[in-house]
Protein chains: 2
Amino acid sequence: MGRPRGFDETEVIAAAAALFANRAYDGVSVDDLVTHLGVHRNSLYKTFGSKRGLYLAALRWHVKHQVQPLISEVGAARDIDEAVRGTLAAHNDDVGALDLLLMAATERAPVDEEVRTEVSAALHALDRAVSTVLTGTTSDNGDQPAPALAEALTSALIGLRLRARATASPTESDLAGAALARHLGPA
Amino acid sequence: MGRPRGFDETEVIAAAAALFANRAYDGVSVDDLVTHLGVHRNSLYKTFGSKRGLYLAALRWHVKHQVQPLISEVGAARDIDEAVRGTLAAHNDDVGALDLLLMAATERAPVDEEVRTEVSAALHALDRAVSTVLTGTTSDNGDQPAPALAEALTSALIGLRLRARATASPTESDLAGAALARHLGPA
DNA sequence: ACCGTTAAGGAACGATTGTTCTTGACTAAT
DNA sequence: ATTAGTCAAGAACAATCGTTCCTTAACGGT
């Protein structure tokens, strides 16, 4: 019973994720959220408890609906080259497929334990996907499946996206990613 | 003439850089700066004009005095393995040798053009150093000196540091860096 | 038709934001 | 000793911060 909601909670969370992906947590005010989300202050606090509550919801939504598809795509790739190209290409389709995670990792994770937990989990999930591709390709020698190398590649993917965002030149990261894949693929 | 300063401008800038490296720009208040820097509000504004002015000064100091040494070390390395290990080891000695650049790249560069310029320049300088090491090592095939690969490796270094900060496990990044170097070095 | 409940609307809260003003302390040159 | 110029100390500024309160609107169950 009671008055029905005038907004779609998922839509609001997604819009909040977009905002938090482009500006730091402290750079997004509640006024900004209220303005761009079309939800009134009161409803926002009733639904998410606080600004941080909305942020955490946005981060979890981001991981589940934007990072996970990317992880699946990476895991389904036949080799590293395909994985890297797919990852970077996905960014051209769905801008921000890693951006909130990136922002959370650099800015919030060091000061918010709950964020750190979420970020770590997402990164490890990415690691596993990369590792899957890696073990399928590492057929030249008898090294261990190299989880450390998977972490390195995940870091490289994050770093590439970071650069693309910071320098505002997405084509560069494509070339760099291709070069990285070329050197790691037939290793 | 006039009353002499009661603070060392360089010390203040360095302390500000340390603050801005750990928390986002909007997460560091002028009160925080005044408290931790030992400089009074008035002197701060008289010297740097604004909070943003101090931030830019801190960023430039960081690039010149913390990123540059790292670039030099990378450029002097004999191979990629040595470069990567040196970079990550430098972080254990001088914590934050890349942190402000990292923070600036993800958080300020997208919204502050002057920051973006500074970040781009620093990253390209890192690229050149990596490229130098790369051309000295790439002796197996007749590929171009691979500036794209240099960008990829720079991105990987940044990404590794990002992960170490976000997950608060510095040893992991060492292993990952070593694995990356092992796979790229004897390529 | 009357509740009980939930959401929207908007004003308002105290606290904190970045910045400026005012006053007084200190120093070098006149 | 006076003057001119720079800095420190701290109060104060309007604006914005995250959050809450109060009233009104819209629904389901009795």
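Proteins get letters first, then strands, A, B, ... in listed order; numbering begins at 1 in each. Computed from a predicted model, the values in this text were never measured in an experiment. Just so it is clear, the values below take in all heavy atoms, side chains as well, and ignore hydrogens, waters and symmetry mates.
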task: Look at the side chain of A:Arg161 and the backbone N and O of A:Asp99, then say whether any donor-acceptor pair between them is shorter than 3.5 Å.
output: no

query: For C:dT16, does OP1 or OP2 lie under 4.0 Å from any side-chain N or O of B:Ser29?
result: no

- prompt: Between the side chain of A:Glu107 and the main-chain N/O of A:Tyr25, is any donor-acceptor distance below 3.5 Å?
  reply: yes

task: Could you state the atom-to-atom distance from CG of A:Asp26 to C1' of C:dT16 in whole Å?
output: 12 Å

- prompt: Quick one: B:Lys51 NZ to D:dC17 P, roughly how many Å, whole number?
  reply: 12 Å

field: Residue-phosphate contact under 4.0 Å: B:Arg3 side-chain N/O, C:dA25 OP1/OP2
entry: no

query: Hey, does A:Val28 reach any base, or is it just sugar-phosphate, or nothing, if we go heavy atoms under 4.0 Å?
result: sugar-phosphate

message: Suppose we call a contact any N or O donor and acceptor under 3.5 Å apart; does that hold for the side chain of B:Arg41 and the base of C:dT20?
response: no

- request: Would you tell me if any nitrogen or oxygen in the side chain of B:Lys46 comes within less than 4.0 Å of OP1 or OP2 on D:dC7?
  value: no

- line: Judged by nearest nucleotide, the residue sitting upstream toward the 5' end of DNA chain C, B:Pro4 or B:Tyr45, is B:Tyr45

task: Consider the side chain of B:Val30, meaning its heavy atoms from C-beta on, and name the nucleotide among C:dT19, C:dT5, D:dT19 that approaches it most closely.
output: C:dT19

- prompt: Separation of B:Arg5 atom CZ from C:dA25 atom C1', in whole Å?
  reply: 17 Å

statement: Here the distance between atom C1' of D:dC17 and atom OH of A:Tyr25, to the nearest Å, is 11 Å

field: Rounded distance in Å - CZ (A:Phe48) to C1' (D:dT19)
entry: 16 Å

message: Exactly one of B:Asp32, B:Asp31, B:Asp26 should register a side chain to side chain donor-acceptor pair (under 3.5 Å) with B:Ser29. Which one does?
response: B:Asp32

- prompt: Of the candidate nucleotides D:dT20, C:dC21, C:dT19, which contains the atom at the shortest distance from the side chain of B:Asn42?
  reply: C:dC21

field: More than 12 heavy atoms from other groups under 6.0 Å of CZ on B:Arg116
entry: yes

- request: Check every strand shown and say whether A:Asp31 touches a base, only sugar-phosphate, or nothing at a heavy-atom separation below 4.0 Å.
  value: sugar-phosphate

message: Without decimals, in angstroms, what is the distance between B:His40 NE2 and D:dA11 P?
response: 9 Å

Derivation and outcome, salt bridge (charged side-chain N to carboxylate O under 4.0 Å, His left out), residues B:Asp112 and B:Arg52: CA-CA 10 Å; B:Asp112 190 322; B:Arg52 181 172 174 270; 2.7 Å; yes

